[in-house]
Every structure is written in structure tokens, then in C-alpha cells.
Amino acid sequence: MNTRMPVAIRVKYGLVHVPSADRCRRWARRCREQLAAGLPPERAGLLAATDVFPYEAKEVVVEGALEVTALLDMDK
């Protein structure tokens with residue numbers, strides 16, 4: 001996993017805390033499950049975020065935030 005991924009996820013979903021590597025991997029796994037179910041990437045990422053970070057995730061538009069596909073590439 002790319003070491004920038006936790007901060008990128010924090011920015012993307014307006015999290016208060018930087019998530020652990022384990023939670024980032026859980027987000028990526030859940031996101032890929034949503035993608036396999038046919039959801040568009042941004043929707044899949046948001047659903048995964050609300051599942052993995054239920055008390056923090058917000059649907060925010062942050063200028064410069066990476067797209068979900070770029071975040072998933074960081075998990076390779």
C-alpha cells in the first residue's frame with residue numbers, strides 16, 4: 001500500500017483522523033466489492049467509506065481530492 005493513501009482517504013471523505021493501513025485496506029476491499037456489484041467508482045467509494053468510517057465519512061467535494069480509481073491504485 002502506498003504510504004500516501006491514508007491521508008488521501010482522509011481528505012477525500014472529510015475524515016477527522018488519518019485512518020490506519022488496516023482500515024484503508026478494508027475501504028479498498030469494500031470499494032472493490034461495490035464496483036463488482038456495478039456501482040460507479042465515486043458511489044462505490046462513498047459507500048465503502050460510510051461502511052468503514054461510519055462516524056466520520058462525509059460526502060464532501062474537496063478540490064484536489066483524488067478520484068476513487070486513483071485511491072484504489074494506491075492499494076496495489
Side-chain angles (χ1 to χ4, degrees):
M1 181 183 84
N2 185 310
T3 58
R4 296 179 310 158
M5 187 179 183
V7 172
I9 287 176
R10 184 188 70 76
V11 169
K12 176 79 171 172
Y13 297 109
L15 306 179
V16 174
H17 302 96
V18 175
S20 67
D22 180 57
R23 291 182 86 191
C24 289
R25 286 186 201 100
R26 285 180 27 217
W27 171 85
R29 185 172 44 250
R30 184 73 178 121
C31 186
R32 287 185 176 104
E33 290 169 0
Q34 298 292 335
L35 288 169
L39 290 176
E42 294 302 315
R43 182 71 182 148
L46 180 60
L47 287 177
T50 58
D51 183 43
V52 177
F53 317 110
Y55 302 108
E56 294 186 73
K58 299 171 194 67
E59 185 171 2
V60 294
V61 178
V62 177
E63 188 173 325
L66 294 175
E67 293 183 8
V68 166
T69 53
L71 289 171
L72 289 172
D73 285 343
M74 290 181 165
D75 186 48
K76 294 180 179 178

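Values below: every heavy atom of this structure, side chains too, minus hydrogens, waters and symmetry copies. Remember, predicted model here, so these are calculated numbers, not experimental data.
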Min side-chain heavy-atom separation P19-F53 under 4.5 Å: yes
Hey, is K12 close enough to E42 for a salt bridge, meaning N to O under 4.0 Å? yes
Could you tell me whether D75 and R29 make a salt bridge, using a distance below 4.0 angstrom between a side-chain N and a carboxylate O? no
More than 12 heavy atoms of other groups within 6.0 Å of R32 CZ: yes
Rounded to the nearest 0.5 Å, how far apart are CG of L35 and OG1 of T69? 9.0 Å
Here the gap from C31 atom SG to D51 atom CG, rounded to the nearest 0.5 Å, amounts to 11.0 Å
Nearest-0.5 Å distance that lies between atom CG in L72 and atom CE in M5: 6.5 Å
Side chain R10, main chain V16, donor-acceptor under 3.5 Å: no
Any M74 side-chain heavy atom under 4.5 Å of L66 side chain: yes
Looking only at non-hydrogen atoms, find the nearest pair between P6 and C24 and report the distance. CA-SG, 3.6 Å
Got a donor-acceptor contact below 3.5 angstrom from the Q34 side chain to the L39 backbone? no
Residue pair W27 / V68, side-chain heavy-atom distance below 4.5 Å: yes
